[in-house]
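Here's the structure, in structure tokens; my notes come after.
In this chain, residues are counted from 1 in sequence order.
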Amino acid sequence: QVQLVESGGGLVQLGGSLTLSCVTSGFTHQYYAMGWFRPAPGKEREGVSCITRGGGSTYYQDSVKGRFTISRDYDKKTLYLQMNNLEPEDTAIYYCAARRTILTAPLTCDSVEYPYWGQGTQVTIST
């Protein structure tokens with residue numbers, strides 16, 4: 001069955017860096033757009049960053065632009081989120097998610113469009 005397993009979270013100081021990983025199995029990785037999400041006030045989960053199945057298009061929430069980088073390794077079937085210059089507002093549980101798309105589908109980072117989810121990894125920024 002579809003599985004997404006996140007890792008890499010932890011406690012880091014203000015301004016520090018972390019790299020989150022999401023190892024996938026049970027589906028054809030290259031057929032799926034993927035993203036990172038976290039809870040937000042008034043929403044169940046908000047899109048932090050997403051990437052198309054081909055990797056050619058990415059989306060970043062305004063608050064993380066210039067600080068976070070999403071990438072994927074098709075051989076390792078793994079999604080990554082490099083997080084730099086971390087701020088207290090970045091403290092959250094980060095979830096990896098996947099949705100099957102056609103090759104030409106536009107990128108969406110709306111959580112309701114993603115049916116497959118991991119269990120999450122906690123990121124805490126200390127001040």
| task | Verify side chain to side chain contact (heavy atoms under 4.5 Å, CB included) between Leu107 and Ile51, making sure each step is shown before the conclusion. | result | CA-CA 7 Å; Leu107 181 62; Ile51 188 168; 5.7 Å; no

| side chain to side chain contact (heavy atoms under 4.5 Å, CB included) evaluation trace for Met34 with His29 | CA-CA 9 Å; Met34 298 196 67; His29 182 88; 3.5 Å; yes

| query | Can you list the steps and then say if Glu6 with Gln119 is a side chain to side chain donor-acceptor pair (under 3.5 Å)? | reply | CA-CA 7 Å; Glu6 302 97 334; Gln119 293 301 306; over 6 Å; no

| query | Could you go step by step and tell me if Asn84 and Gln82 meet the side chain to side chain donor-acceptor pair (under 3.5 Å) rule? | reply | CA-CA 7 Å; Asn84 298 326; Gln82 173 69 44; 2.7 Å; yes

| said: Using side chain to side chain contact (heavy atoms under 4.5 Å, CB included), reason through Leu11 and Ser126 one step at a time and then give a plain yes or no. | reply: CA-CA 7 Å; Leu11 177 64; Ser126 64; 4.0 Å; yes

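Note on Val2 and Trp36: same hydrophobic cluster, where clusters join Ile, Leu, Val, Met, Phe, Trp and Tyr whose side-chain heavy atoms are under 4.5 Å apart, directly or indirectly. Linking Ile, Leu, Val, Met, Phe, Trp and Tyr whenever their side-chain heavy atoms come within less than 4.5 Å puts Val12 and Met83 in one cluster. In the hydrophobic clustering of this structure, Tyr31 groups with Leu79; members are Ile, Leu, Val, Met, Phe, Trp, Tyr whose side-chain heavy atoms approach within less than 4.5 Å, directly or through other members. Taken together through direct or relayed side-chain contacts under 4.5 Å among Ile, Leu, Val, Met, Phe, Trp and Tyr, Tyr116 and Val48 form part of one hydrophobic cluster.
To the nearest 0.5 Å, atoms CD1 (Ile70) and OG (Ser49) are separated by 3.5 Å. Taking OG of Ser17 as the reference point, atom CG of Leu86 lies at 6.0 Å (rounded to 0.5 Å). Atom-to-atom distance recorded for Phe68:CZ and Thr19:OG1 is 10.5 Å, nearest 0.5 angstrom. The CZ atom of Arg67 lies 12.0 Å from the OH atom of Tyr60; values are rounded to the nearest 0.5 Å. Rounding to the nearest 0.5 Å gives a distance of 12.0 Å between CG of Leu20 and OH of Tyr80. The distance from atom CD1 of Ile125 to atom CD of Glu89, rounded to the nearest 0.5 Å, is 9.0 Å.
Residues Pro39 and Glu46 come closest through the heavy atom pair O-OE2, 4.3 Å. Between Gln122 and Ala92 the shortest heavy-atom distance is NE2-O, 3.4 Å. For the pair Phe27 and Ala98, the tightest heavy-atom approach, listed with the atom from each and the gap, is CZ-CB, 4.2 Å. Contact record, Thr127 with Leu14: CA-CB, 4.5 Å, taken as the closest heavy-atom pair. Across every non-hydrogen atom of Leu4 and Cys96, the tightest pair is CD2-SG, 3.3 Å.
By the 4.5 Å heavy-atom criterion applied to side chains, Leu81 and Thr69 are not counted as neighbours.
Under a 3.5 Å cut-off, the side chain of Thr121 and the backbone N or O of Ser7 do not form any donor-acceptor pair. Not one N or O on the side chain of Thr91 forms a donor-acceptor pair closer than 3.5 Å with the backbone of Thr124. Of the possible donor and acceptor atoms, one in the side chain of Thr78 sits under 3.5 Å from a partner among the backbone N and O of Lys76. Not one N or O on the side chain of Arg45 forms a donor-acceptor pair closer than 3.5 Å with the backbone of Ala40. Judged by distance alone, with hydrogens and angles left aside, the side-chain atoms of Thr101 form no donor-acceptor pair with the main-chain N or O of Ala105 at under 3.5 Å. In terms of modelled atom types and a separation under 3.5 Å, the side chain of Tyr94 and the main chain of Asp90 share a donor-acceptor contact.
Separation of the Trp117 and Phe37 ring centroids falls under the 6.0 Å cut-off.
For the residue pair Arg53/Tyr32, the side-chain donor-acceptor check at 3.5 Å is not satisfied.
With sequence neighbours left out, Thr108 forms a side chain to side chain contact (heavy atoms under 4.5 Å, CB included) with Arg99, Asp110, Glu113, Tyr114.
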